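Side-chain atoms are counted along with the backbone in the values below, which use heavy atoms only and exclude waters and symmetry mates. This structure is a prediction, so every number in the text was calculated from the model and none was measured.
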Amino acid sequence: ITAGSNQSDGIFVYKANKNFLSNITTISNWNGIRINNLSSQNTVYHNSFISSINKQADDLGTNNSWDFNGEGNYWSNHNCINNNCGHSPC
């Protein structure tokens with residue numbers, strides 16, 4: 001899934017709990033993903049956040065996870081070592 005281009009948020013998570021968000025690509029949005037303060041215990045992994053203007057990720061929720069079984073996300077503004085990226089948002 002490719003989420004938006006030139007949108008406010010490629011992905012906006014609102015009042016969502018205990019979901020898995022994976023295999024999504026966001027390109028050239030204000031924020032790659034934004035999770036609001038009413039969302040918790042979501043797992044975000046195997047996604048690509050590319051060329052976000054403001055933030056790759058804005059997590060205002062609680063207990064959200066940015067990896068699953070040690071596998072995270074791709075952040076275009078993050079220099080990875082040994083291609084090991086993404087246990088927390090940039």
Side-chain angles (χ1 to χ4, degrees):
I1 297 172
T2 300
S5 181
N6 297 316
Q7 302 295 317
S8 175
D9 301 305
I11 303 166
F12 180 53
V13 181
Y14 180 75
K15 289 187 178 181
N17 302 299
K18 299 181 181 178
N19 295 289
F20 285 84
L21 291 94
S22 64
N23 299 311
I24 302 168
T25 299
T26 70
I27 303 170
S28 299
N29 295 287
W30 182 250
N31 295 308
I33 181 172
R34 184 164 53 111
I35 301 175
N36 86 324
N37 64 331
L38 301 173
S39 299
S40 66
Q41 300 177 340
N42 296 291
T43 303
V44 183
Y45 72 105
H46 280 189
N47 300 292
S48 297
F49 299 101
I50 300 170
S51 300
S52 299
I53 299 163
N54 183 44
K55 294 181 180 178
Q56 299 284 39
D58 189 12
D59 184 356
L60 302 174
T62 55
N63 299 318
N64 294 305
S65 177
W66 293 90
D67 67 279
F68 183 71
N69 290 332
E71 296 184 14
N73 299 284
Y74 170 77
W75 312 95
S76 68
N77 69 340
H78 182 68
N79 294 323
C80 302
I81 299 172
N82 297 328
N83 205 25
N84 184 16
C85 288
H87 296 306
S88 60
C90 302

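- Taking all atoms of both residues into account, the shortest heavy-atom contact from N31 to S52 is C-OG, 4.1 Å.
- K15 approaches S39 most closely through the heavy-atom pair N-OG, 3.2 Å.
- Atom CZ of F20 and atom OG1 of T43 lie 4.5 Å apart (nearest 0.5 Å).
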Report the C-alpha distance between D59 and N64 in whole Å, list the side-chain angles of each, state the deciding distance to 0.1 Å, and finish with yes or no for side-chain hydrogen bond (donor to acceptor under 3.5 Å, both in side chains). CA-CA 8 Å; D59 184 356; N64 294 305; 3.0 Å; yes
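- Scanning all heavy atoms of the two residues, the minimum distance from N42 to A16 falls at ND2-O, 2.9 Å.
- No side-chain heavy atom of Y74 sits less than 4.5 Å from a side-chain heavy atom of T25.
- Between I11 and L21, the shortest heavy-atom distance links the atoms CG2-CD2, 4.0 Å.
- Here the CD1-NZ distance, from I53 to K55, works out to 14.5 Å after rounding to the nearest 0.5 Å.
- Pairing each heavy atom of N73 with each of W66, the nearest pair is ND2-O, 3.1 Å.
- Note that the CG atom of D58 and the CD1 atom of I33 stand 10.0 Å from one another [nearest 0.5 Å].
- When side chains are defined from C-beta on, I35 counts as touching V44, because their heavy atoms get closer than 4.5 Å.
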Stepwise side-chain hydrogen bond (donor to acceptor under 3.5 Å, both in side chains) test for N17 and S40: CA-CA 5 Å; N17 302 299; S40 66; 2.9 Å; yes
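- Cluster annotation: I24 is connected to F49 through the hydrophobic network of ILVMFWY side chains, with a link wherever side-chain heavy atoms come within less than 4.5 Å.
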